[in-house]
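See below for the structure under consideration.
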Amino acid sequence: MKIVFATNNQHKLSEVRQILGDSIEVLSLNDIGCHEDIPETGTTLEANALQKAQYVFDHYHIDCFADDTGLEVDALGGAPGVYSARYAAVGCAATLSQPIDHDSEANMTRLLSELGENNNRNARFRTVIALIQQGELHEFEGIVNGQIIRERRGGEGFGYDPIFQPDGYDQTFAELGTEVKNHISHRARATQKLADYLLKR
């Protein structure tokens, strides 16, 4: 079975390929010659994942799945959520013409500043995967609950990993390292549900 993962992120690709194993060949956007900027204009993780998967299915006529991930902080009403990758730029008029994307340091700085001394540090990482297979939509979700700590710790990982400590651990994602994180992460949990579904087909 061949299926497209609507990404060129090598970290995501290797993680997904490892979980799905040899029975399913996972192609990247590069592999199918898709070099366009696929729009992500949804206001929810579900909408963005579906938009990306639908774009590939409609334009390349091949089964496809896409993911979107957000960090949801209780004290901030679920923010940054769908805007996690560009949180530092959200609401900044000066950046609208050239939006800042994936500036992890700036994103963490804004998040910690907005939380301030608030003692409610509860948060969760949530990944949604949208699969379009033979024209049918299927969705899978993975969640990891944890806490936002008050200062950065650890040098591995990416995004908000240095300030997110998952429940049951005394280290952040950035301290736990890639191997441990990939076993317990939100994306790994969503991908495992996807794998369970595809491997039963």
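All heavy atoms count here, side chains included; hydrogens, waters and symmetry mates do not.
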**Prompt:** Do the non-hydrogen side-chain atoms of R189 and T127 ever get within less than 4.5 Å of each other?
**Reply:** no

**Request:** If you link ILVMFWY side chains whenever their heavy atoms are less than 4.5 Å apart, which other residues fall into the same cluster as I132? By chain and number, please.
**Result:**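 Grouped by the 4.5 Å side-chain rule, L50, F57, L137 form the rest of the cluster around I132.
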
Would you mind writing out the side-chain donor-acceptor pairs for residues 142-150 within the sub-3.5 Å range, not counting sequence neighbours?
from	atom 1	to	atom 2	distance (Å)
Q147	NE2	N122	OD1	2.5
R150	NH2	N119	OD1	2.8

Examine distances only and state if a side-chain atom of [X] and a backbone atom of [Y] form a donor-acceptor pair shorter than 3.5 Å.
| X | Y | result |
| --- | --- | --- |
| E175 | T172 | yes |
| N107 | A88 | yes |
| N48 | D68 | no |
| Y160 | A85 | no |

**Test log, rule salt bridge (Lys or Arg N to Asp or Glu O under 4.0 Å), inputs D67 and K193** = CA-CA 13 Å; D67 75 322; K193 291 177 182 178; over 6 Å; no

Any ion pair linking [Y] and [X] (charged N to carboxylate O, less than 4.0 Å)?
| X | Y | result |
| --- | --- | --- |
| E141 | R126 | yes |
| D74 | R121 | no |
| E105 | R152 | yes |

**Prompt:** In terms of side-chain heavy atoms, does Y55 have a donor or acceptor partner in E40 at a distance below 3.5 Å?
**Reply:**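 Per modelled atom types, Y55 and E40 side chains form no pair under 3.5 Å.
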
**Asked** Would you say L112 and L76 are hydrophobically clustered, going by side-chain heavy atoms of ILVMFWY under 4.5 Å?
**Response** yes

**Message:** Are F158 and L111 linked, directly or through intermediate hydrophobic residues, by side-chain heavy-atom contacts shorter than 4.5 Å (ILVMFWY only)?
**Reply:** no

Show which side-chain atoms of residues 1-8 pair as donor or acceptor with protein atoms under 3.5 Å away, not counting sequence neighbours.
from	atom 1	to	atom 2	distance (Å)
T7	OG1	N9	N	3.0
N8	OD1	N30	N	2.9

**Prompt:** Do the ring planes of F173 and F125 sit parallel (below 30°), tilted (30 to 60°) or perpendicular (above 60°)?
**Reply:**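 Parallel.
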
**Prompt:** Has E179 got more than 12 heavy atoms of other residues, nucleotides or ligands less than 6.0 Å from its CD?
**Reply:**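 No, the 6.0 Å shell around CD holds no more than 12 heavy atoms from other groups.
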
